[in-house]
Every structure is written in C-alpha cells, then in structure tokens.
Amino acid sequence: MKKGVLSLLIAAMSMGASAQDASFDDYVVKMQTLAREKGYSEETIANAFSNVELYESAISSDRNQPERRLTLDEYLARALPQWKVNQARSLYNKYYDVLQPISEEYGVPGEIIIALWGVESNFGKFTGNYDVISALTTMSYEGRREEFFQNQLWDALTILERGDITRGEMKGSWAGAMGQSQFMPSSYLAYAADGDGDGKADIWNNPADVFASAAKYLSTVGWREGYRWGRRVAVSQPLGEELIGIQKELQQPLQAWADLGVTMPNGTDLPVADIPAWLIEPEPGRFYLIYENYQTLLDWNRSHHFVFSVVGLAERIRR
Ligand SMILES: [Ca+2]
C-alpha cells in the first residue's frame with residue numbers, strides 16, 4: 001500500500017517536472033524569437049541557445065537567500081573570518097604594484113578593490129560554474145524579475161556577439177554574475193576595463209582586469225576620492241523615522257545631523273567636516289552616518305550586509 005502511494009507520488013512529481021521542462025523549452029524558443037527581432041546574428045542565437053539548461057537549483061537559491069535571517073554581526077562573522085582577513089592583507093601586498101596605478105587612475109583605494117574581490121569571489125576562487133546563458137534564461141523564465149533578467153540575457157548575447165568570451169567560458173553564478181568581480185552582463189558592458197594593457201577586459205582570469213573593472217565601476221557611479229564610507233554613530237534623542245534612509249532627499253550636512261543630536265558612539269561630538277550624509281539604521285538601535293562612497297557600494301549590490309562586509313574587510317587590510 002505504502003509503496004503504491006510512493007510510486008504514485010514519484011509519477012506525479014516526474015510528470016510535473018516534464019511539464020515544466022516543456023514549458024521551459026517553449027520559453028527558450030520564445031527568447032530565440034525575441035533575440036532575432038532584436039537583431040542578433042543567427043550565429044550568435046544558435047550558439048547562445050543550444051543546450052540551454054533549466055537550473056532548478058538557481059530558482060531555489062533565489063528564493064532562499066540567507067541574508068534576511070542573520071543579524072549584521074552574525075553575517076559579518078561568517079563573511080569575514082580571520083583567514084579571509086589574512087588573505088586579503090597578503091594579496092594586497094602581493095598585488096600592490098598592480099593595484100597602485102589602477103587606484104590612482106580611478107581614485108579608488110586599493111584596499112576597497114581587494115575587499116570587493118574577496119567578498120565577491122573569495123579573491124577569484126569562487127566565480128560560479130553555471131553557464132551564464134542558462135542561468136539568465138532560468139531566472140527570466142522563473143518570472144519574478146523577468147524584465148531585469150531578460151535584459152541581462154540580451155547583454156550576454158551582445159558580449160558573445162562581440163567575441164569577448166566564448167559561450168563555454170562564459171561562466172558565472174546561478175544569477176548570472178560573471179567572473180572574479182561577479183559582474184552582471186550589463187555591468188560588464190558598462191564597466192569592464194583592461195588593467196594590464198593587453199587590449200582585453202578579462203574579468204574571468206586576469207586580476208589586473210578585475211581590479212580595473214571594479215575601480216572603473218565605483219569611479220563611474222560616484223566614488224569620491226579621499227572620503228570615508230561613513231561611520232557608526234549614536235543618537236542621543238529620538239529621531240523621526242522619516243529622517244532615516246538612503247533616499248536622495250534625506251541627505252543632510254554633518255552639522256545638521258549633529259544639531260539633531262547625532263554623536264560619535266561614545267557620545268562625543270561628530271567631527272567638523274563639510275560632508276553630506278544619510279542616517280541609516282540597518283538594525284533597530286544601530287545607527288550609521290553614511291557618505292556618498294557607501295552609496296556607490298550600495299549601487300554595486302543593494303544590500304547593507306554586502307557594503308558592511310566590503311568596508312569591514314577594507315578597514316582590516318589597512319591596519
Ligand atoms: Ca587585460
């Protein structure tokens with residue numbers, strides 16, 4: 001009896017899977033038609049859409065992103081173990097001569113570049129082994145952010161059509177983030193840069209290109225040379241919730257925050273500086289004043305946990 005129920009269940013499950021596969025196959029055909037309408041060459045379309053796989057694991061990863069369930073301290077303890085800090089310091093020294101000219105050209109500190117590299121791909125070791133076309137087609141088919149992922153798919157086709165990398169080498173994360181800087185295809189097209197002067201921007205294999213691409217991204221979206229990212233602060237009197245957040249209109253000069261009772265964590269006065277800042281409260285009762293550079297990192301990845309990992313690692317390289 002039990003066995004009968006089980007085999008019925010298995011039959012039902014496999015029917016479900018094949019029905020889904022059939023609908024995915026239809027979706028791939030639809031993408032090919034759209035790609036043709038967008039003017040991609042038949043060669044690119046045939047190359048891109050042969051053997052496209054549905055990645056069930058990508059869909060479940062997307063629905064179970066762990067960040068929401070961890071406090072900031074728990075997250076940072078996991079994201080920045082001591083071995084990673086040690087490695088960041090040692091790689092910063094190893095690549096110092098490569099980093100220096102890139103850092104000067106773009107006005108972004110080498111520590112931030114190395115920290116991004118460490119957080120994004122564990123210094124180039126975990127870049128993802130998914131076929132990017134399959135990953136993007138899967139995420140687009142899944143449907144919650146279809147427009148976003150479909151646009152990334154077209155950008156991926158553009159990269160293939162330009163011949164920057166082959167389909168077989170175009171590997172990335174389950175969400176389609178590529179190479180050691182984990183650039184989505186749109187970021188690759190906008191910011192990939194040649195760091196070693198060989199004429200190619202190889203974010204998959206070449207650390208100098210990874211560094212230059214990361215630096216170009218930050219400098220383009222507004223990194224301000226010579227400024228901090230922000231600082232932890234204390235709030236000495238209750239502040240309205242409407243003052244807290246990262247929206248443009250909530251930016252105020254440091255002095256205005258001081259006048260509202262925002263202090264250093266130990267209660268002393270904020271430094272006197274002519275710098276606009278936002279107040280954020282990533283966890284109840286935990287406040288930070290953040291500057292433009294924090295916003296550029298948030299542009300890279302819209303997660304406060306991500307930004308705190310990057311600046312936390314960068315600060316520990318410097319020490
Ligand atoms: Ca290069």
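Everything numeric in this text was worked out from a predicted model, so none of it was measured. Order of appearance sets the numbers: ligands from 1, and atoms from 1 within every ligand.
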Practice item. Tell me whether the guanidinium CZ or amine NZ of R145 lies under 6.0 angstrom from the six-membered ring centre of F149 and within 45° of its axis. Key: no
Check your understanding: With the Ca ion (ligand 1) as the point of reference, which N/O/S atom of D194 is the closest?
Key -> OD1
Review point. Between F308 and Y288, what is the ring plane arrangement, given parallel below 30°, perpendicular above 60°, and tilted in between?
Key: tilted
Practice item. Please determine if K216 and D209 form a salt bridge, counting it only when a charged side-chain N lies under 4.0 Å from a carboxylate O. Key: no
Check your understanding: Any ion pair linking E42 and R36 (charged N to carboxylate O, less than 4.0 Å)?
Key -> yes
Revision key, fill the gap. Among N, O or S atoms, D196 approaches the Ca ion (ligand 1) most closely through OD1
Check your understanding: Of all the N, O or S atoms in D198, which one sits nearest to the Ca ion (ligand 1)?
Key -> OD1
Point to revise | K200 backbone or side-chain N/O/S under 3.0 Å from the Ca ion (ligand 1) | key: yes
